[in-house]
Amino acid sequence: MNERDIIQLFTGRNAGGESGLIYGIGDDCAVIAKDAGCSWLVTMDTLVEAVHFDLGWHPAGKLGRKAVSVNVSDIAAMGGAPRFIFLSLGLPKGFDPAWVRAFSEGVTDGCREYGCLLAGGDTVLSRGGVMITITVIGEAGADKVVYRNGARLGDDVWVSGELGSAAAGLALCGNGLVPEHPALQPLVEAHLDPRPRLGLGRMLAGSGLVHAMMDLSDGLATDLSHLCGQSGAGALIHSEWLPCSPLLGEASALLQRDKVDLMIRGGEDYELVFTAAPGSASIIQTIANQAGAVVSRVGVIDDKPGVRLVRSGSQGRRREVDVSFGGFDHFPEA
Ligand code: ADP
Ligand code: MG
């Protein structure tokens, strides 16, 4: 039973009716009717010590901000604005008060930056490590919410920013390579302190040009598979079109990890993946410029199953490999 199988157990169990739930399990946020013009967006993400972070290299303040950022990223993915957050904190006995103080400052910084208010939470003893769960309530124009399920045949597949930086940064930390390679610090920062694409998500959703959108938390290979699966389509992506930091080549050589592998399977990019008709390409570029973001066309939506990656090999030979759901899974099957 993998992560998707577990979530599937909880899916489709709600009775129908006039509950106000517009969309439940399956997208980046649940969508709940607020009033005629506006919907609530609600999302929850958890960070667990030794799974998502290591206290040995993750400064408390950056961890506090990251806990907010990764949740806000799901609001960005649907084109919304965050309004309120709730924080549940599990701490081991004998925690360091200075650590908690710095963590709380990071949470406050995140809230200030993204324009939301900490409205409640819970504080408990953890018999394991530190556990952080945040719920964000956001809002969006009722007709502006962008779901994962709207991709159309022939759409371009776009991503924002650069892929693979956070995965490389995490691996550099894990391998103890950071002190010897200070020039690679921007990759480490991408892991420690990701910034969600809030402005870009809202502007793309507001344009009405984007058919499907989600954020990249588990790697493009998995997240685009979700988007395609829900849209009843497939996608072909091109390795040469994938955007990455100029530092990724050096990092991948040091880590002895394939660069493209880091870009599509690494996870924690917190960038946006979205689809739009090819005719919208120049307007999409203009919107991205206005939002201060870079976007890259990485592939096309088609009617074949799954997500396939085209790689060029030696002598210009092209190889197509199925990479569907090849990203991060908390419970991968052996
Ligand atoms: P994301 O990566 O965007 O945070 P997830 O992969 O964590 O999304 O979750 C996918 C969907 O499954 C979301 O709609 C989420 O609310 C739902 N989900 C995940 N775990 C559970 C659970 N234990 N019970 C109910 N819904 C869940
Ligand atoms: Mg998401």
Side-chain angles (χ1 to χ4, degrees), residues 1-15 19 21-32 39-48 51-53 66-82 85-86 88 114 131-138 140 145-151 157-161 163 166-167 194-198 200-202 204-205 210 212-231 264-275 307 324-333:
M1 209 184 231
N2 63 19
E3 188 181 331
R4 269 181 299 140
D5 298 326
I6 299 170
I7 294 174
Q8 195 57 39
L9 291 178
F10 296 95
T11 305
R13 297 209 166 180
N14 293 316
S19 62
L21 182 64
I22 298 169
Y23 198 98
I25 296 170
D27 218 300
D28 293 288
C29 302
V31 183
I32 299 170
S39 296
W40 293 117
L41 303 177
V42 186
T43 180
M44 167 190 277
D45 262 311
T46 297
L47 301 182
V48 177
V51 176
H52 297 93
F53 59 90
K66 178 171 179 175
V68 180
S69 299
V70 302
N71 275 279
V72 164
S73 180
D74 279 322
I75 302 283
M78 300 197 79
I85 78 161
F86 293 79
S88 165
Y114 307 131
M131 308 250 295
I132 307 153
T133 298
I134 287 185
T135 294
V136 184
I137 300 178
V145 178
V146 184
Y147 295 87
R148 296 176 178 181
N149 64 12
V157 178
W158 295 81
V159 298
S160 63
L163 306 181
R195 297 304 165 93
R197 296 289 181 183
L198 205 48
L200 178 66
R202 291 203 71 188
L204 289 171
V210 170
M213 182 156 68
M214 68 182 293
D215 70 328
L216 290 171
S217 53
D218 296 333
L220 183 66
T222 286
D223 293 326
L224 184 56
S225 299
H226 282 297
L227 186 149
C228 286
Q230 296 208 13
S231 300
I264 66 165
R265 299 181 203 278
E268 287 210 311
D269 297 304
Y270 299 108
E271 296 293 347
L272 297 174
V273 55
F274 56 95
T275 83
V307 174
S324 306
F325 293 106
F328 183 79
D329 189 305
H330 277 276
F331 303 99
E333 279 157 325

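Below, each value reflects all heavy atoms present in this structure, side chains not excepted, and no hydrogens, waters or symmetry copies. Start at 1 and go down the list; that is how both ligands and their atoms are numbered.
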Among the N, O or S atoms of Asp28, which one sits nearest to the Mg ion (ligand 2)?
OD1
Shortest non-hydrogen contact between Ala151 and Ser231, atoms and distance
N-OG, 3.1 Å
Judged by atom type as modelled, is there a donor-acceptor pair below 3.5 Å linking the side chain of Asp223 to the main-chain atoms of Asp218?
yes
At their closest point, which heavy atom of Gly266 faces which heavy atom of Ala167, and how far apart are they?
CA-CB, 3.4 Å
What are the atom names and distances for all N or O pairs under 3.5 Å between ligand 1 and the protein?
unit_1, atom_1, unit_2, atom_2, d
ligand 1, 2 (O), Ser217, OG, 3.1
ligand 1, 3 (O), Asp28, OD1, 3.0
ligand 1, 3 (O), Asp74, OD1, 3.0
ligand 1, 3 (O), Arg148, NH2, 3.1
ligand 1, 4 (O), Asp74, OD2, 3.2
ligand 1, 14 (O), Gly26, N, 2.8
ligand 1, 14 (O), Asp27, N, 3.4
ligand 1, 14 (O), Asp27, O, 2.9

Just so I know, are the side chains of Leu227 and Thr275 near enough to count as touching, which here means a heavy-atom distance under 4.5 Å?
yes
Give the atom name of whichever N/O/S atom in Asp215 sits closest to the Mg ion (ligand 2).
OD1
Is there side-chain contact between Tyr147 and Met78, with at least one heavy-atom pair below 4.5 Å?
yes
Between Met213 and Gly201, what is the shortest heavy-atom contact and its length?
CE-O, 3.7 Å
Spell out, as yes or no, whether a donor-acceptor pair under 3.5 Å connects the side chain of Ser39 to the backbone of Val31.
no
Counting backbone and side-chain atoms alike, is an N, O or S atom of Asp74 positioned under 2.8 Å from the Mg ion (ligand 2)?
yes
